[in-house]
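To keep things clear, I will list the structure first and then write my remarks on it.
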Amino acid sequence: RAPAVFAEDGVHYLHVKANGLFLATTTRKNVSPSHVLELLHRVAKVIKDYCGVMNEDALRKNSVLAYELLDEMIDRGYAQVRSLHWSPYDRVGVVNADP
């Protein structure tokens, strides 16, 4: 099991595990690990809020929505989210992951 933050050959790897899924990022820049890990947790929370559940099936069925949420939350590598209660979209159009 890899640690949540590690570096190898000048690349920093950071990840969190949310409901069995890994959300990961890499960077060559010197960033605050706690900031990046908090952002990854917020991404998982926002996706869960929109999809109702955070699992592989929900991400598959709502991949376009997840991409749009990431696009709104992160702009050119800079976090744009200031609150967990942020919501750019209505819940309309979410595909239920439960059969």
Worksheet entry | Heavy-atom closest pair, residues L40 and L14 | CD1-O, 4.0 Å
Worksheet item: What are the two closest heavy atoms between K29 and H12, and how far apart are they?
Response: O-CD2, 3.5 Å
Practice prompt. Under 4.5 Å between side-chain heavy atoms, chaining through other members, with only Ile, Leu, Val, Met, Phe, Trp and Tyr counted: pull out the rest of the cluster around F22, sorted by chain and number.
Written response: none
Discussion item. Is there a side-chain contact between L21 and K17 in this structure, where contact means two heavy atoms from C-beta onward sitting under 4.5 Å apart?
Written reply: no
Worksheet, complete the sentence: Note: A18 and L23 closest approach over all heavy atoms is CB-CD1, 4.1 Å
Fill in: Shortest non-hydrogen separation from N19 to M54 and the atoms involved
CB-O, 3.1 Å
Item to complete: Rounded to the nearest 0.5 Å, what's the gap from CD on E56 to CG on L59? Could you check?
Response: 8.0 Å
Discussion item. Is there a continuous path of hydrophobic side-chain contacts, each under 4.5 Å between heavy atoms, that joins I74 to V31?
Written reply: yes
Worksheet item: Counting N and O atoms only, with roles assigned by atom type, does the side chain of N62 sit under 3.5 Å from a partner on the main chain of L65, one being a donor and the other an acceptor?
Response: no
Practice prompt. For H15 and L37, work out which heavy atoms get closest and say how close.
Written response: O-CD2, 3.6 Å
Fill in: M73 vs V46 side-chain heavy atoms within contact, under 4.5 Å
yes
Fill in: Residue pair Y50 / L69, side-chain heavy-atom distance below 4.5 Å
yes
Worksheet entry | Interatomic spacing from NE2 in H41 to NZ in K45 - rounded to 0.5 Å | 13.0 Å
Worksheet entry | Residue pair L39 / T25, side-chain heavy-atom distance below 4.5 Å | no
Fill in: V5 to P33 - nearest heavy-atom pair and separation
CG2-CB, 4.0 Å
Worksheet item: How long is the gap from CZ on R60 to SG on C51, to the nearest 0.5 Å?
Response: 13.5 Å
